[in-house]
Enquirer: 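If you scroll down you'll find the structure; I have some questions about it.
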Amino acid sequence: MNSDALPDGPLLFYDGGCALCHRAVRLLLRWERPGSLPGSALRFATLDGTLADCLRADGTLPLERDAVTFVADGDVTQAEAAIRSALRAVGRPGLAAFLGLWPTPLRHWGYRTVAANRTRWFGRTAAA
């Protein structure tokens with residue numbers, strides 16, 4: 001598979017076994033506004049799934065599997081930048097801008113802290 005075979009529209013890759021990630025996906029789906037991004041809705045896939053593996057193999061996705069990853073229009077963002085991109089994609093640019101006001105080191109620290117503790121704090125999904 002190559003990046004030309006990507007599904008249309010923005011795509012958010014998340015940890016499929018993470019309960020916090022599942023909650024975040026459900027929240028984004030609830031928040032999504034029709035027509036937020038021209039042409040399509042935000043789609044979701046797991047970081048350990050077949051699509052992610054294929055996109056890693058062709059160099060579209062980074063090899064790391066430990067950060068939420070957002071792909072749209074050939075651009076790839078990870079970690080807290082991916083969260084802000086996803087918020088913009090579902091029509092919540094104000095919330096994305098608010099998060100962007102925080103100093104970059106604080107955003108990085110916050111993301112890394114939550115990511116490192118997410119399963120201890122929120123658990124795993126039943127499927128994991």
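Because only heavy atoms are used, hydrogens play no part in the values below, and waters and symmetry mates are left out as well, while side chains stay in. By convention here, the first residue in the shown sequence is residue 1.
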Enquirer: What's the spacing between Cys18 SG and Leu47 CG if we round to 0.5 Å?
Expert: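 Going from the SG atom of Cys18 to the CG atom of Leu47 covers 10.0 Å.
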Enquirer: Shared ILVMFWY cluster between Leu99 and Tyr14, side chains joined below 4.5 angstrom?
Expert: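 Yes.
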Enquirer: Quick check on side-chain contact (heavy atoms from CB on, under 4.5 Å): which of Leu27, Leu29, Leu28 does Val25 satisfy it with?
Expert: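 Considering Leu27, Leu29, Leu28, a side-chain contact (heavy atoms from CB on, under 4.5 Å) with Val25 is found only for Leu29.
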Enquirer: Run the side chain to side chain contact (heavy atoms under 4.5 Å, CB included) test against Ala24 and tell me which residues pass, sequence neighbours left out.
Expert: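 Ala24 satisfies side chain to side chain contact (heavy atoms under 4.5 Å, CB included) with no other residue.
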Enquirer: List the atom of Ala96, the atom of Arg88, and the distance in Å for their closest heavy-atom pair.
Expert: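 Minimum heavy-atom contact is CB-CG, 3.6 Å.
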Enquirer: Who are the salt bridge (charged side-chain N to carboxylate O under 4.0 Å, His left out) partners of Arg65, not counting sequence neighbours?
Expert: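 By the salt bridge (charged side-chain N to carboxylate O under 4.0 Å, His left out) rule, Arg65 matches Asp53.
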Enquirer: Does Glu32 reach the main-chain N or O of Leu42 with its side chain, forming a donor-acceptor pair under 3.5 Å?
Expert: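 Answer holds: yes.
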Enquirer: Which heavy atom in Ala82 sits nearest to a heavy atom in Leu12, and how many Å separate them?
Expert: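 In this case the closest contact between Ala82 and Leu12 is O-CD1, 4.3 Å.
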Enquirer: With clusters defined by side-chain heavy atoms of hydrophobic residues (ILVMFWY) lying less than 4.5 Å apart, directly or transitively, does Leu87 cluster with Trp102?
Expert: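 The answer is yes; both residues are in one hydrophobic cluster.
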Enquirer: Please answer: with hydrophobic residues joined when any side-chain heavy atoms are less than 4.5 Å apart, are Leu61 and Leu51 in the same cluster?
Expert: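 Leu61 clusters together with Leu51.
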Enquirer: Do you know which two heavy atoms are closest between Arg118 and Asp15, and how far apart they sit?
Expert: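 Residues Arg118 and Asp15, closest heavy atoms: NH2-OD2, 2.6 Å.
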Enquirer: Quick one, Thr46 and Phe13 - any side-chain contact, counting heavy atoms below 4.5 Å?
Expert: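 No; the side chains remain at least 4.5 Å from each other.
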Enquirer: Partners of Pro105 by side chain to side chain contact (heavy atoms under 4.5 Å, CB included), sequence neighbours excluded?
Expert: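 Pro105 satisfies side chain to side chain contact (heavy atoms under 4.5 Å, CB included) with Pro103 once adjacent residues are dropped.
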Enquirer: Side-chain polar contacts of residues 68-75 - donor-acceptor pairs under 3.5 angstrom, sequence neighbours left out - could you list them?
Expert:
{"unit_1": "Thr69", "atom_1": "OG1", "unit_2": "Ala67", "atom_2": "O", "d": "2.9"}
{"unit_1": "Thr69", "atom_1": "OG1", "unit_2": "Gln78", "atom_2": "NE2", "d": "3.3"}

Enquirer: Taking only residues two or more places apart in sequence, or in another chain, which ones meet Arg107 in a side chain to side chain donor-acceptor pair (under 3.5 Å)?
Expert: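 Side chain to side chain donor-acceptor pair (under 3.5 Å) check on Arg107 returns Thr104.
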Enquirer: Using the rule that two of Ile, Leu, Val, Met, Phe, Trp, Tyr join whenever any of their side-chain heavy atoms come within less than 4.5 Å, decide whether Tyr111 and Leu106 are in one cluster.
Expert: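 Yes, it is one cluster - the side chains of Tyr111 and Leu106 are joined through contacts under 4.5 Å.
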Enquirer: So which heavy atom on His22 is nearest to which on Thr125, and how close?
Expert: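 Looks like CD2-CG2, 3.0 Å.
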Enquirer: Before accepting this row, confirm whether a basic side-chain N of the pair Arg112/Asp66 lies closer than 4.0 Å to the acidic partner's carboxylate O.
Expert: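 Between Asp66 and Arg112 there is no salt bridge, as every charged N stays at least 4.0 Å from the carboxylate O atoms.
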Enquirer: From Thr60 OG1 over to Leu11 CG, what is the distance, rounded to the nearest 0.5 angstrom?
Expert: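 Result: 11.0 Å between the selected atoms.
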Enquirer: Sequence neighbours excluded, which residues qualify as side chain to side chain contact (heavy atoms under 4.5 Å, CB included) partners of Thr113?
Expert: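 By the side chain to side chain contact (heavy atoms under 4.5 Å, CB included) rule, Thr113 matches Trp109, Asn117, Trp121.
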